[in-house]
Protein chains: 2
Amino acid sequence: MRIGELSARTGASRRSLRYYEQQGLLVSARSPSGQRCYDDDHVQRVALVQSFLAAGMSSRTIAQMVPCMTEPNMDRAREALTAMNQERNRLSSTIDSLAAARTALDHLINVNRKFLANVAED
Amino acid sequence: MRIGELSARTGASRRSLRYYEQQGLLVSARSPSGQRCYDDDHVQRVALVQSFLAAGMSSRTIAQMVPCMTEPNMDRAREALTAMNQERNRLSSTIDSLAAARTALDHLINVNRKFLANVAED
DNA sequence: CTAAACGCTCACATCGATGACAAGGGCAAG
DNA sequence: CTTGCCCTTGTCATCGATGTGAGCGTTTAG
């Protein structure tokens, strides 16, 4: 498939897909005329990249792990594992922060609910 | 206290504190010479703002809720509640995304661990 | 064959929170 | 009064992912 179809299937813009490739997150075969050619596997790959980007990973970090996403690579597996574990920790503590923020928000929501209820009573 | 001390106590840079004020996230009294004066309550307030910013809320969004953080305000309570609930949902789905990314990462980590173990066997 | 739709590269623009720096005023200790 | 440190406002720079548009080649349907 060409870039338009991959874009349609993944929801990533053509622009983003080219950017992913430029950053080494995605590899494409090229037609004789230079157009990018993808196969079905790339759909999942893009989904994974999107998931990681949405999680706040930088493309540099993802690029470090990507070589091991397709076929584990002995040379890079160790450093990739290090990066992955580091990111896993970062993710976990981010999740904790968000949960804390949500708790604080819940508190604010309750205070305001009660306030509105009191006003209604008067 | 003046801005330097608040900065030291909260970990937010002086620059950030001025920015928070400019965005309506923080209010300060001023000394006759124009210097910002804070009291202890502001430490908590800044912590809350930092927590929300770290959770990816825009300063505009936080500004919408802040008037109701100090003293509930009848005029704004309803719209603020709307914004708060909206943000709560956004937070929840962000947390879900991060959790999904972490699961995907765990999968990758396992694949690589096994690969390295197999290599070691040979 | 032609036109529409798609693809290519290159380069500049955008957003939001923050850093960095300039030019100047306020205040305490020597 | 001077020195040193803290404060003020204002402006320009930064980062990363993506939008946007120009200028030009390719593929496909009529």
Side-chain angles (χ1 to χ4, degrees), chain A residues 1-39 42 45-66 83 87 90-91 94 97-98 101, chain B residues 1-39 42 45-66 83 87 90-91 94 97-98 101:
Chain A
M1 87 190 81
R2 285 179 301 169
I3 200 172
E5 190 178 344
L6 185 61
S7 167
R9 283 205 198 168
T10 59
S13 68
R14 296 166 238 266
R15 175 69 173 90
S16 294
L17 293 175
R18 295 195 189 101
Y19 177 74
Y20 297 165
E21 178 170 330
Q22 190 191 342
Q23 300 301 307
L25 313 186
L26 205 55
V27 181
S28 67
R30 295 296 183 113
S31 79
S33 64
Q35 302 198 342
R36 291 170 174 83
C37 300
Y38 304 97
D39 54 35
H42 286 85
R45 167 75 70 106
V46 170
L48 193 57
V49 167
Q50 285 182 306
S51 165
F52 286 162
L53 282 177
M57 294 188 200
S58 72
S59 59
R60 186 171 298 274
T61 302
I62 303 176
Q64 216 173 349
M65 313 182 325
V66 155
E87 279 311 297
R90 206 189 53 75
L91 258 182
T94 302
S97 301
L98 296 211
Chain B
M1 87 190 81
R2 287 179 300 170
I3 200 173
E5 190 177 342
L6 186 61
S7 167
R9 283 206 198 168
T10 59
S13 67
R14 295 166 239 267
R15 174 70 174 89
S16 295
L17 293 175
R18 297 195 189 99
Y19 177 75
Y20 296 166
E21 178 170 330
Q22 190 191 342
Q23 300 300 307
L25 313 185
L26 204 55
V27 180
S28 68
R30 296 297 184 113
S31 80
S33 63
Q35 302 197 340
R36 291 170 176 83
C37 301
Y38 305 98
D39 55 36
H42 285 84
R45 167 75 71 105
V46 170
L48 194 57
V49 167
Q50 286 182 305
S51 164
F52 286 162
L53 281 176
M57 294 188 199
S58 73
S59 58
R60 186 172 297 274
T61 302
I62 303 177
Q64 218 174 348
M65 315 182 324
V66 155
E87 279 310 299
R90 207 188 52 75
L91 257 183
T94 301
S97 300
L98 295 210

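By convention in this document, chain letters (A, B, ...) are assigned in the order of the sequence lines, proteins followed by strands, and residues within each chain are numbered from 1.
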Check: Is any side-chain nitrogen or oxygen of B:S16 closer than 4.0 Å to OP1 or OP2 of C:dT18?
Finding: yes

Next item on the list: Measure the distance from CZ on A:R15 to P on C:dC10 and round it to the nearest whole Å.
Entry: 12 Å

Notebook entry, point to check: Is the shortest side-chain N/O distance from A:S59 to OP1 or OP2 of D:dG16 below 4.0 Å?
Noted result: no

Notebook entry, point to check: How close or far is atom C1' of D:dC7 from atom CE of B:M1, stated in whole angstroms?
Noted result: 16 Å

Next item on the list: With the side chain counted from C-beta on, respond yes when B:L6 and B:L17 share a heavy-atom pair under 4.5 Å apart, and no when they do not.
Entry: yes

Next item on the list: For A:R60 and D:dC15, give me the distance from atom CZ to atom C1', rounded to whole Å.
Entry: 12 Å

Note to self: Under the rule for side chain to side chain donor-acceptor pair (under 3.5 Å), what residues qualify as partners of A:S97, not counting sequence neighbours?
What the structure shows: none

Next item on the list: Specify the residues of residues 27-37 of chain A, ordered by number, for which at least one heavy atom lies under 4.0 angstrom from an atom of DNA chain D.
Entry: A:S33, A:Q35

Margin query: Checking B:A55 now: which residues fulfil side-chain contact (heavy atoms from CB on, under 4.5 Å) with it, not counting sequence neighbours?
Written below: A:L98, A:A101, B:L91

Notebook entry, point to check: Could one point to a donor on the side chain of B:R18 or the base of D:dT9 with an acceptor on the other under 3.5 Å away?
Noted result: no

Check: Quick one: A:E21 CD to D:dT18 P, roughly how many Å, whole number?
Finding: 15 Å

Next item on the list: Starting from C1' on D:dA17, measure out to CE on A:M57 and report it in whole angstrom.
Entry: 16 Å

Next item on the list: Output all residues satisfying salt bridge (Lys or Arg N to Asp or Glu O under 4.0 Å) with A:R90, sequence neighbours left out; order by chain, then residue number.
Entry: A:E87

Next item on the list: Mind checking side chain to side chain donor-acceptor pair (under 3.5 Å) for B:S51 and listing every partner two or more places apart, or none if nothing turns up?
Entry: none

Checklist line | From OG (A:S28) to CD1 (A:I3), nearest 0.5 Å | finding: 8.0 Å

Next item on the list: For A:Y19, enumerate each residue passing the ring pair (Phe, Tyr, Trp, His ring centres under 6.0 Å) test, keeping only those at least two apart in sequence or located in another chain.
Entry: none

Expected rows: protein N/O vs nucleotides 2-4 of chain D N/O, under 3.5 Å:
none

Margin query: Holding to side chain to side chain donor-acceptor pair (under 3.5 Å), I want the full list of residues that pass it with B:S7, two or more places apart in sequence or in another chain.
Written below: none

Notebook entry, point to check: For D:dA17, does either OP1 or OP2 sit under 4.0 Å from a side-chain N or O belonging to A:Y19?
Noted result: yes

Note to self: Please report the distance, rounded to the nearest Å, between CD in B:Q22 and C1' in C:dA17.
What the structure shows: 11 Å

Margin query: Using whole Å, what does the distance between atom P of nucleotide C:dT18 and atom CG of B:L17 come to?
Written below: 9 Å

Next item on the list: Using a cut-off of strictly less than 4.0 Å, decide whether A:R14 has a side-chain nitrogen or oxygen near OP1 or OP2 of C:dG7.
Entry: yes

Next item on the list: Examine D:dT18: is either OP1 or OP2 under 4.0 Å from a nitrogen or oxygen in the side chain of A:Y20? Give yes or no.
Entry: yes

Checklist line | Heavy-atom side-chain contact between B:F52 and B:L25 under 4.5 Å | finding: no

Notebook entry, point to check: Going by number, which of residues 2-13 of chain A have a non-hydrogen atom under 4.0 Å from DNA chain C?
Noted result: A:R2, A:I3, A:G4

Check: Please, which pairs that meet salt bridge (charged side-chain N to carboxylate O under 4.0 Å, His left out) have at least one residue in residues 51-63 of chain A, sequence neighbours excluded?
Finding: none

Item checked: Non-neighbouring partners of B:R15 that pass side chain to side chain donor-acceptor pair (under 3.5 Å), sequence neighbours left out -> none

Item checked: Residues which pass salt bridge (Lys or Arg N to Asp or Glu O under 4.0 Å) with B:R36, listed by chain and number, not counting sequence neighbours -> B:E21

